[in-house]
Protein chains: 2
Amino acid sequence: MANGQDMNDFRTRRATVKDVARLAGVSPGTVSNALSGARAVDRETRQRVEAAVAELGYVPNLAARHFRTGLSNTLAVMTSMPPAVSAGSSKLGFLMEVAASAAISALEHNATLVLVPPIADPETALRNVVMDGAILIEPAQSDPFLDLLTRRGVPVVVIGQPPRDDLPWIDMHYRQTADLLIGHLLQQPTRCMPLLIGASARASHAEAEAVYLERMAATGLPCHVIRIPEAAGEEGARQAMHALIRELPDLDAVFASVDAFATGVMCALREAGRAVPQQVRVATRYDGLRAREERPALTATNLHLDAVAGLAIDRLMDLLAGRPAPLRVEGPLPVLVPRGSSA
Amino acid sequence: MANGQDMNDFRTRRATVKDVARLAGVSPGTVSNALSGARAVDRETRQRVEAAVAELGYVPNLAARHFRTGLSNTLAVMTSMPPAVSAGSSKLGFLMEVAASAAISALEHNATLVLVPPIADPETALRNVVMDGAILIEPAQSDPFLDLLTRRGVPVVVIGQPPRDDLPWIDMHYRQTADLLIGHLLQQPTRCMPLLIGASARASHAEAEAVYLERMAATGLPCHVIRIPEAAGEEGARQAMHALIRELPDLDAVFASVDAFATGVMCALREAGRAVPQQVRVATRYDGLRAREERPALTATNLHLDAVAGLAIDRLMDLLAGRPAPLRVEGPLPVLVPRGSSA
DNA sequence: AGAGTTGAGTAAAACGATTTAATGAGCGAG
DNA sequence: CTCGCTCATTAAATCGTTTTACTCAACTCT
């Protein structure tokens, strides 16, 4: 203030470790050690350093530290699912629910979370994202984000199930989830129940299909697996559902494993004048905004994403610290949330 | 896979600009210029450099670049509102809706968004967050985040209305929003309509109160302004509402400007056996998950947070680039979303 | 022809922290 | 007394990029 060195510019030049060292009468190395505790420093010296830090208002230059140590204390969360299914109408959804919890977990580990928006081109999305490690949500069999991260040597923890067997992951129990929902729908007499899954090769779709085929075989019901490109989202499911209604006049239940597909299904059923749940019962996997806001609300499962996100961050920190840990971490079990769409 | 060079260790040592320079037969400085375009480089030379980059799989070290240039291409979004009101039941809400849109807008500007979780201690939350600039959501009169950012010289854009008049901000039209909602409630005959706002000194609360007092004065209705600590959240509002029901037997409408307060109000009304909307009408400001999921759903306003977030990011990039721009940016006008709670 | 300008490139400095290797003091054991 | 050891400290190296200050050659104008 007193010295008129720069009016328009912010920051009058921030104090560096050198300034602190000079004021405290020690060397820069000692300042570093005093503040980080990496090496022993005399009590009295440390106090002098701390006083100097306070006097100068010294704030370490994180960029320099990051550069030198190679550690940014930053974690990223991302998914290769297109926004049509990962985000949703009001931009919330699976991804953001994970991100919110992950941000808090990250903070508890002294790390920051960056949000990588779900766009088509991972190269662009990651171009200038600095990160020590990444959380990848439900990767596909050949996942562009995963490829890029691997190429760059970024440690990754997968939420869901990884396409390779050398990656740490949080088991979200795809089988149990699908079984829970399909079993629930089958509790009432059923003539015909098609399955709608994403067209991309993701474990969540594959497991849902496997369980579906098993249960249909066991009950002697016909199998109708409809694959919808994820990017087509709600509208894609709506059109597919209209086709299904024409082809399968006696369908009386639908399992749409992706919530955006489920709302598309509901839309088509409304348009076709089929009453839910009286004529057709519907269930989906993720109990998010879409499922709850639909009328009637959609039967779904509570995936405990907050807990899953926390586990993923914990596991990632273990990985970064080199602490031994099992490759597969058991996530919480899904809990059925029955709602109007299947009652 | 084929070469067994490193089993346990990631990264065999990444190529640097030096390696690229050697392979291309130029100096490091030329490589930098060729890639960034900062200075003219002969077409043929540039091609050699690009070939070397491709061959070595060179990826610039962002930490070094950040260190050297002082630019991290990272923006942060944060709020001093406690999680009880900013996040909510399933961790989603205002903050995350802004964050999601901001992340995408940031990407369009070649920047990354970091999510600062809403915890009490800003010092801790920001300790190792690297950022060129910040988006601050609805700061309080004396805002700890704002103080810290100012002290560190971080450029800030405020969403809502800043407590100081030297900060760029996006006008969310607090007055109009409050007017819209209160006016809507008053369209039906009203005997007594208390106002519930947050106890902290935020412009959003203050404006809601000002409009409320004006409208009450104009219609000759009694004024009852209840201030609830934000951290008390839904439960605090529930208790306050129970007290109100006792004190004001003829209350027939409530304007709870914070959505968490509104759901607390609904809870209390249910417990007291007051039918909504028949006996008491309720409205809140933000049309988020809470408002939509409540039964009956809450009348609220669409604040167009995605657009607001985009404007904030745009404005922040202007600020960082030193481009001239007005201090106040007009956000989209709120739109009333009438729902069951006031019909 | 000489002065000035432009284009393309290079060598070296700079950024600010952490870490390594070296130094010296103090102390106990032989 | 000296060797070996610990403790506290320092000087200097280091990380990889961008940028500054130069150099040199090739042109353009008078």
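Just so it is clear, the model here is predicted, and its values are computed rather than measured. In the text below, chain A, chain B and the rest are named by the order of the sequence lines, each starting its count at 1.
- Looking at A:Thr30 and A:Arg46, their side chains never bring a donor and an acceptor atom within 3.5 Å of each other.
- Among the atoms of the strands shown, only primed sugar atoms or phosphate atoms (P, OP1, OP2) are found under 4.0 Å from some heavy atom of B:Val26.
- In this structure, the nucleotide among C:dA11, C:dA17, D:dT17 sitting nearest to the side chain of A:Thr16 is C:dA17.
- Side-chain contact between A:Glu330 and A:Leu311 is absent, with no heavy-atom pair separated by less than 4.5 Å.
- For B:Arg39, counting side-chain heavy atoms from C-beta on, the closest listed nucleotide (D:dT20, D:dT18, D:dG16) is D:dT20.
- You'll find a donor-acceptor pair under 3.5 Å spanning the side chain of A:Arg68 and the base of D:dT14, going by distance alone.
- Residues meeting the salt bridge (charged side-chain N to carboxylate O under 4.0 Å, His left out) test with B:Asp166, sequence neighbours left out: B:Arg164.
- Mapped onto DNA chain D by nearest heavy atom, B:Phe67 and B:Gly29 fall at different nucleotides, with B:Phe67 at the one closer to the 5' end.
- Atom CG of B:Leu62 is separated from atom P of D:dT17 by 10 Å (rounded to the nearest Å).
- With C:dG9, D:dT18, D:dT17 as the choices, the nucleotide that has an atom nearest any side-chain atom of B:Ser32 turns out to be D:dT18.
- Looking at heavy-atom distances under 4.0 Å, B:Thr30 makes contact with a base.
- Atom CZ of B:Arg323 has more than 12 heavy atoms from other residues, nucleotides or ligands within 6.0 Å.
- Using a 4.0 Å heavy-atom distance criterion, A:Thr45 is classed as a sugar-phosphate-only contact.
- Rounded to a whole Å, the CG atom of B:Leu71 is 16 Å from the C1' atom of C:dA14.
- For the pair B:Tyr58 OH and D:dG16 C1', the computed distance is 8 Å after rounding to whole Å.
- Looking at heavy-atom distances under 4.0 Å, A:Val41 makes contact with sugar-phosphate atoms alone, never a base.
- Here C:dA25 presents its P atom at 16 Å from CG of A:Asp42, a figure rounded to the nearest Å.
- Regarding A:Asn33, its CG atom lies at a distance of 8 Å from the C1' atom of C:dT19, rounded to whole Å.
- Atom-to-atom, CZ of B:Arg46 to P of C:dA8 comes out at 10 Å; the value is rounded to the nearest Å.
- Of the candidates C:dA8, D:dT17, C:dA17, the closest approach to any side-chain atom of B:Ala40 belongs to C:dA8.
- Look at CZ on A:Arg22: it is 13 Å from C1' on C:dG16, rounded to the nearest Å.
- Judged by distance alone, the side chains of A:His66 and A:Asn73 never bring a donor and an acceptor atom under 3.5 Å apart.
- A straight line from CZ of B:Arg13 to C1' of D:dG16 spans 11 Å, rounded to a whole angstrom.
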